[in-house]
Engineer: 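Here it is, the structure, as structure tokens.
Note on naming: letters A, B, ... go to the chains in the order of the sequence lines (proteins, then strands), and numbering restarts at 1 for each one. What's counted below: heavy atoms across the whole structure, side chains too, no hydrogens, waters or symmetry copies.
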2 protein chains.
Amino acid sequence: MASVGIKDVAARAGVSVATVSRVLNAHASVSPAARERVLAAVDALGYRPNTLARSLRTDQTRTLGLVISDVLNPYFTELARSVEEEARALGYSIIFGNADERPELQDHHIRTLLDRRIDGLLVSPADGGSPLVLDAARAGTPMVFVDRWIPGLDVPVVRADGSSAVRDLVAHLHGLGHRRLAIIAGPAATTTGSERVAAFRDALAAYGLELPAEYIGQGDFQAASGRRATERFLALPEPPEVVFAADNLMALGALDAIRARGLRIPQDIALAAFDDIPWFVHTDPPVTAIAQPTGELGRAAVRALTDLIEGRTPESVTLPARLVVRSSCGEHPPTGTTRRSDA
Amino acid sequence: MASVGIKDVAARAGVSVATVSRVLNAHASVSPAARERVLAAVDALGYRPNTLARSLRTDQTRTLGLVISDVLNPYFTELARSVEEEARALGYSIIFGNADERPELQDHHIRTLLDRRIDGLLVSPADGGSPLVLDAARAGTPMVFVDRWIPGLDVPVVRADGSSAVRDLVAHLHGLGHRRLAIIAGPAATTTGSERVAAFRDALAAYGLELPAEYIGQGDFQAASGRRATERFLALPEPPEVVFAADNLMALGALDAIRARGLRIPQDIALAAFDDIPWFVHTDPPVTAIAQPTGELGRAAVRALTDLIEGRTPESVTLPARLVVRSSCGEHPPTGTTRRSDA
DNA sequence: AATCCTCGTGTAATCGATTCCACGAGGAGG
DNA sequence: CCTCCTCGTGGAATCGATTACACGAGGATT
């Protein structure tokens with residue numbers, strides 16, 4: 001039952017544990033004969049080094065932590081996938097934590113990750129900055145923010161800039177004749193929560209349009225909040241002509257609410273969303289959305305973090321998002337299929 | 001920079017490391033006074049035990065590995081979420097691995113997990129059984145299969161039985177007048193790949209219907225394969241009236257293919273899927289699907305695994321799946337909203 | 001031929017916890 | 001008053017690796 005250790009390998013190869021360690025780590029000089037015997041012993045015994053012991057000694061785990069805001073959100077899921085892929089290519093593994101958009105759950109995972117002595121942390125903060133994150137950052141834990149970030153910290157940020165895409169969206173909507181535009185925002189404590197509202201408001205201003213308070217629904221990036229916000233919009237004396245959801249889950253909730261009211265999209269009300277996902281092609285109707293270069297973001301984030309860990313100078317990265325027009329805001333659907341460019 | 005260790009705590013509290021360890025682990029007897037001082041020192045220093053050292057010594061990590069077949073599949077994502085939740089409640093953490101339906105990637109993750117000395121493994125095998133999985137099972141690694149399994153191994157299985165739901169589906173389809181029914185299958189090397197075809201064929205047989213070879217599309221549970229299989233169906237001299245996709249991603253691919261052909265659902269061709277997801281409510285049209293009690297499965301799997309680890313006798317669990325009728329197979333959509341019961 | 005490197009190797013300290021064992025103090029029982 | 005537990009505590013071994021240091025053998029340099 002006792003799994004085989006380095007001692008067993010050493011014994012079988014007739015060398016010391018030091019030599020075994022040396023061949024395994026391509027260290028220093030080892031005679032070809034000894035190397036041969038060690039390698040033979042290793043796979044005769046099926047030896048696998050104990051990473052716990054190794055990490056304890058070397059003080060590095062070659063593991064990165066990734067705390068994502070919500071696993072049920074396809075955007076984060078795709079992000080997680082690309083992060084893991086890039087990390088693997090660079091010789092790191094990833095341990096995920098899912099925050100479910102709850103700051104206390106986020107902290108739980110960060111704590112666990114830190115306890116495991118991960119080499120670095122990738123976070124998409126669910127709030128404006130828990131003491132835990134702040135302390136970790138100040139204590140010098142290698143850390144990179146992805147998608148969302150916390151201002152005022154010397155931590156590289158990898159994210160997409162949606163403002164130009166939001167301008168395109170508003171231009172599109174305005175061109176279709178819409179004038180009363182509403183937004184379902186994310187939590188103000190998150191950068192993506194507040195920035196998307198600001199970008200939307202600015203874009204409206206360019207057309208001389210206002211964004212009245214009752215046209216800002218407060219959501220939390222989860223489907224249920226999108227539903228509630230939309231119901232509130234629809235109950236208004238003068239409901240908006242367009243609802244723009246700041247993420248895809250709240251768009252799903254909006255879809256629920258609109259369908260429950262028996263309204264049609266886009267005839268009765270138009271819908272657009274931040275974050276494009278494959279399902280938006282097949283919803284009724286296909287949803288106009290702002291697509292982020294998700295895969296690129298994940299890869300860039302990993303590169304930034306490994307740069308930081310390995311002593312190179314990481315750079316913050318901002319990539320542009322882009323508008324993908326479908327038919328949920330009115331007019332004819334675009335001819336042909338509109339596909340996402342991000343693979 | 002050297003993070004604080006148990007020695008620092010001991011020094012500050014004026015006791016030995018043994019005593020510190022004892023209060024931290026609620027072991028043996030410690031005087032209230034000493035306990036007090038230790039606790040004070042612990043949070044004055046912000047001490048956190050090094051889990052690597054602890055695990056090395058105790059030979060347990062209180063960590064479970066979960067290898068899922070595909071993170072981009074909402075079914076597995078939901079499974080992962082419930083698994084983590086239940087594990088957390090029981091005092092374990094989860095490390096995920098995403099196999100992307102590729103056996104070699106699955107093996108990579110299992111190897112990594114094993115190297116980390118996880119206490120137990122939850123697997124949804126992407127193939128009929130890699131040597132790695134077989135060896136681990138035989139070597140006595142606590143292991144539980146979830147969703148899919150490998151026959152002939154003494155490993156508990158937690159899964160859903162879809163056969164009765166498939167019968168319901170076929171009855172529904174037959175009742176709508178459909179007679180030429182096709183299926184997009186998963187890889188034959190997976191149990192869910194072959195069982196769903198078998199269940200479908202059996203259900204058809206009850207109505208005196210055949211399942212000809214050209215009506216069995218070979219997929220791999222990924223969207224692209226669903227698209228290809230559907231294109232092949234549509235190119236047949238006598239195309240099927242219904243396509244039943246064995247998972248939701250292949251259904252997405254089928255949707256793509258059907259739309260690209262300019263056909264309408266359900267007038268030109270009907271569609272149904274295994275695995276229900278929130279988006280199916282809002283696709284065009286809403287998709288009739290077989291829903292698994294995903295959350296329950298995840299929780300049961302964790303309980304079985306922890307039973308195994310902690311020396312209790314785990315039990316295999318089979319829960320029923322159920323049919324959720326929407327409008328993608330014809331007829332009127334059900335009145336009211338059809339929601340998923342699984343929270 | 002004496003000296004000095006270089007090369008290959010082994011011994012032992014170390015990482016940070018847990019835990020067995022021994023030991024002294026104090027109370028109970030005789 | 002002596003003996004024997006029990007209780008609280010500390011010393012030191014241990015888990016399985018890595019790696020600094022020492023050392024002996026052999027070749028090269030003078």
Engineer: Nearest whole Å is fine: how far is D:dT19 C1' from A:D59 CG?
Structural biologist: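 The answer, rounded to whole Å, is 15 Å.
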Engineer: Please encode protein proximity along nucleotides 19-25 of chain C as a string of B, S and -, counting only heavy-atom distances under 4.0 Å.
Structural biologist: BB-----
Engineer: Look at A:R81 together with A:E86 and state whether they make a salt bridge at an N to O cut-off of under 4.0 Å.
Structural biologist: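 Salt bridge flag = no for A:E86 with A:R81.
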Engineer: With no hydrogens and no angle check, is any side-chain donor or acceptor of A:R62 less than 3.5 Å from a backbone partner on A:G91?
Structural biologist: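 Side chain of A:R62 to backbone of A:G91, a donor-acceptor pair under 3.5 Å: yes, one is there.
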Engineer: Can you pull out the residues from residues 36-55 of chain A that lie within a 4.0 Å heavy-atom distance of DNA chain C?
Structural biologist: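 Here the set is empty: none.
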Engineer: Within the side chain of B:T61, is there an N or O that forms a donor-acceptor pair under 3.5 Å with the backbone of B:R117?
Structural biologist: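 Yes, the answer is positive, given that a donor and an acceptor are paired below the 3.5 Å cut-off.
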Engineer: Atom NZ of A:K7 and atom C1' of D:dT18: how far apart are they, to the nearest Å?
Structural biologist: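 Spelled out: NZ on A:K7 to C1' on D:dT18 is 13 Å.
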Engineer: Is the backbone N or O of A:G46 less than 3.5 Å from a side-chain atom of A:D43, with the two atoms forming a donor-acceptor pair by type?
Structural biologist: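 No: the side chain of A:D43 does not pair with the backbone of A:G46.
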Engineer: Taking for each residue the nucleotide of DNA chain D with the nearest heavy atom, is it B:V15 or B:L56 whose nucleotide lies nearer the 5' end?
Structural biologist: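 With B:V15 and B:L56 compared, the 5'-side residue is B:V15.
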Engineer: Report the end-to-end axis angle of the helix from C:dA1-D:dT30 to C:dG30-D:dC1; each axis comes from five terminal pairs, and the value is rounded to 10°.
Structural biologist: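 Terminal axis comparison yields 50°.
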Engineer: How many Å lie between CD1 on A:I6 and P on D:dG16, as a whole number?
Structural biologist: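 From A:I6 CD1 to D:dG16 P: 11 Å.
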Engineer: Would you please confirm or rule out a distance under 4.0 Å between OP1 or OP2 of C:dT6 and any side-chain N or O of A:S29?
Structural biologist: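 Checking A:S29 against C:dT6: no side-chain N or O falls below 4.0 Å of OP1 or OP2.
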Engineer: Go through A:R116 and B:S93 one step at a time and tell me if the side chain to side chain donor-acceptor pair (under 3.5 Å) criterion holds.
Structural biologist: CA-CA 11 Å; A:R116 277 178 198 283; B:S93 9; 3.0 Å; yes
Engineer: Drop me the distance from B:I309's CD1 to B:Q60's CD, to the nearest 0.5 angstrom.
Structural biologist: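 It comes to 9.0 Å.
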Engineer: How about A:D59: does its CG atom have over 12 heavy atoms from other parts shown lying under 6.0 Å from it?
Structural biologist: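 Counting other residues, nucleotides and ligands, CG of A:D59 stays at 12 neighbours or fewer.
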Engineer: Under 3.5 Å, side chain of B:T192 to main-chain N/O of B:T190, donor-acceptor pair present?
Structural biologist: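 No; zero donor-acceptor contacts below 3.5 Å.
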Engineer: With sequence neighbours left out, which residue pairs that include part of residues 309-319 of chain A fulfil the side-chain hydrogen bond (donor to acceptor under 3.5 Å, both in side chains) condition?
Structural biologist: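 Qualifying pairs: A:Y92-A:E310, A:D307-A:R312, A:E310-A:R312.
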Engineer: OP1, OP2 of D:dG10 versus side-chain N and O of B:S16: anything below 4.0 Å?
Structural biologist: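 B:S16 to D:dG10 OP1/OP2: side-chain N or O found under 4.0 Å.
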Engineer: Go through residues 113-121 of chain A and report each residue with a non-hydrogen atom lying under 4.0 Å from DNA chain C, sorted by number.
Structural biologist: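 Per residue number, the list is empty: none.
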Engineer: Holding to side-chain hydrogen bond (donor to acceptor under 3.5 Å, both in side chains), I want the full list of residues that pass it with A:R37, two or more places apart in sequence or in another chain.
Structural biologist: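 Here no residue qualifies.
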Engineer: Give a yes or no on whether B:E36 atom CD has more than 12 heavy-atom contacts from other residues, nucleotides or ligands under 6.0 Å away.
Structural biologist: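 Open: at most 12 neighbouring heavy atoms sit under 6.0 Å from CD of B:E36.
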Engineer: Rounded to whole angstroms, how far apart are CZ on A:R35 and C1' on C:dC7?
Structural biologist: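 Distance, rounded to whole Å: 13 Å.
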Engineer: Using only atom types and a distance under 3.5 Å, with no angle test, would you say the side chain of A:N25 pairs donor to acceptor with the backbone of A:S21?
Structural biologist: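 Confirmed, A:N25 side chain pairs with A:S21 backbone.
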Engineer: Can you tell whether the side chains of A:D115 and B:R48 come within less than 4.0 Å, N to carboxylate O?
Structural biologist: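 Looking at B:R48 together with A:D115, the answer is yes, because their closest N to O distance falls below 4.0 Å.
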